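Worksheet for the structure shown next.
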Amino acid sequence: MMLQQTQTGRVAPAYGTFLAKFPDVRTLAHAPAMEVIQAWRGLGYNRRAVDLQRSAQAIEHEYGGVVPSDLKALRALPGVGDYSASAVACFAYDRQVPVVDVNVRRVLSRAARASDELSLDETRRVAAEWLAPGEAYRWNQALMDVGAMICRIDKPLCAQCPLKATCEYRARGLNKGPRPERRPKQSPFEGSSRQKRGGIIDHLRDTAGEGVSLSVLAKVIHPNGHKDLTWLVELLEGLEREGLVEMTPGARRGSARGIVRLPG
DNA sequence: AATTCGGGGTT
DNA sequence: AACCCAGAATT
């Protein structure tokens, strides 16, 4: 779950630290949510920390503390989508299922079509069709590694690619067709509510346990701010819905002395 | 189908 | 600055 939309190079060090603190499902399930969110510092998408702990609690309660191997059961856990469910089923339990991440989608899109990117459904169909029988683990791992190191989004190293003999993208020439993928333009991060949300959680992590008044929080996030704190309350209500913060009633109605803290 | 959700590294 | 990332949930 740490790897969702987050580079392996950034996950790797955090992974060891996190597992040292929460070595198994039971430990994670019974830990104060605050500590889990603390341990998530630097990883971003903080909702994943809450979802991960809730998944651990569901695994404790519904599956006797054993992570299920069934795709449907995995998929039903909070924060577990198609990718994570199939990744656990394959890499933890050696189930013969395709695993489709952004790398696999790019590799298969280029190899099988090359004119534009395959839809997710098309990718899943091709991935299942190409799955090496009995070798799902190695095949999926190899596809992702090829995508990350050879069939890269910017500069594909086709000369080194194990698929070069049959790849459509390679056959048509690298710059003949339209690019296989384009993402919608990314809105600026500076000054965004996304940045403010991150700043709020970061400051609450620093002031562990005690919590912070609405006015102090406003000062930290928006130093030359206004008297009106409704902008802050709206952000906090969103964070509250995701289980990332707790608010006193005063804070919820915008009182400057209202207290905000990480969930206990 | 389109948006939202962090943040650090790369270009 | 903009783009990228072993996605998922929400609308």
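Atom set for the values below is all heavy atoms of this structure, side chains included, hydrogens, waters and symmetry mates excluded. Here the structure is a predicted model, which is why all the values come from computation and not from measurement. Naming: A, B, ... by sequence-line order, numbering from 1 per chain.
- The distance from atom CG of A:L74 to atom P of C:dG7 is 17 Å, rounded to the nearest whole Å.
- Residue contacts for A:L43: at a heavy-atom cut-off of 4.0 Å it reaches a base atom on one of the strands shown.
- Counting only heavy atoms from C-beta on, A:F91 has its side chain closest to C:dA6 among B:dG7, C:dC5, C:dA6.
- Per the geometry, CG belonging to A:L204 stands 15 Å off C1' belonging to B:dG6, to the nearest Å.
- When the nucleotides C:dG7, B:dG6, C:dA9 are ranked by their closest atom to the side chain of A:Y83, C:dG7 comes out on top.
- As rounded to the nearest Å, B:dG6 and C:dC4 have C1' atoms that lie 13 Å from one another.
- Comparing atom distances between the A:L3 side chain and each of C:dA6, B:dG6, C:dC4 picks out C:dA6 as nearest.
- Mapping A:V80 and A:Q7 onto DNA chain C via the closest heavy atom, the residue that lands nearer the 5' end is A:Q7.
- Of the candidates C:dT10, C:dA8, B:dG6, C:dA8 carries the atom nearest the A:S84 side chain, counting heavy atoms from C-beta on.
- Residue contacts for A:D82: at a heavy-atom cut-off of 4.0 Å it reaches the sugar-phosphate backbone alone, with no base atom in range.
- Under a 3.5 Å cut-off, the side chain of A:Q195 and the backbone N or O of A:G191 do form a donor-acceptor pair.
- Comparing C:dA9, B:dG7, C:dG7 against the side chain of A:Q4 picks out C:dG7 as the nearest.
- Note on A:G81: only backbone sugar-phosphate atoms sit closer than 4.0 angstrom, heavy atoms only; bases stay farther off.
- In this structure, the CD atom of A:E190 is 12 Å from the P atom of B:dG7, given to the nearest Å.
- Taking atom CD1 on A:I201 and atom P on B:dG7, their separation rounds to 9 Å, with Å as the unit.
- Using a 4.0 Å cut-off, no side-chain N or O of A:R152 falls inside it from OP1 or OP2 of C:dC5.
- Atom CD in A:Q186 sits about 13 Å away from atom P in B:dG6, given to the nearest Å.
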Would you give me the side-chain donor-acceptor pairs under 3.5 Å for residues 73-85 of chain A, sequence neighbours excluded?
residue: A:R75; atom: NE; partner: A:D82; partner atom: OD1; Å: 2.9
residue: A:R75; atom: NH1; partner: A:V80; partner atom: O; Å: 3.3
residue: A:D82; atom: OD2; partner: A:R124; partner atom: NH1; Å: 3.4
residue: A:S84; atom: OG; partner: A:Q4; partner atom: NE2; Å: 2.9

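- Comparing the same atom, P, in B:dG8 and in C:dA9 gives a spacing of 24 Å after rounding to whole Å.
- Between the side chain of A:T6 and the base of B:dG8, no donor-acceptor pair of N or O atoms lies under 3.5 Å.
- Distance from the side chain of A:K185 is smallest to C:dC3 among C:dC3, C:dG7, B:dG7.
- In A:Y15, the OH atom is not crowded: 12 or fewer heavy atoms of neighbouring residues, nucleotides or ligands sit closer than 6.0 Å.
- Annotation: of the two residues near DNA chain C, A:R10 and A:P188, the 5′-most nearest-nucleotide partner is A:P188.
- For a distance-only test at 3.5 Å, the side chain of A:R197 fails to qualify as a donor-acceptor partner of the base of B:dG6.
- Taking atom CG of residue A:D154 and atom C1' of nucleotide C:dC4, one finds them 9 Å apart after rounding to whole Å.
- If you check every strand for non-hydrogen atoms under 4.0 Å, A:R75 touches sugar and phosphate atoms only.
- Scanning both residues, A:A89 and A:L71, for their nearest heavy atoms gives CB-CD2, 4.0 Å.
- Proximity of a side-chain donor or acceptor of A:T248 to a complementary backbone N or O of A:I259 within less than 3.5 Å is detected.
- Taking atom CG of A:D101 as the reference point, atom P of C:dC4 lies 16 Å away to the nearest angstrom.
- With rounding to whole Å, A:D51 atom CG is found 8 Å from C:dA9 atom C1'.
- Separation of the C1' atoms belonging to C:dA6 and B:dA1 is 24 Å when rounded to the nearest angstrom.
- Side chain of A:R95 to backbone of A:S69: a donor-acceptor contact under 3.5 angstrom is found.
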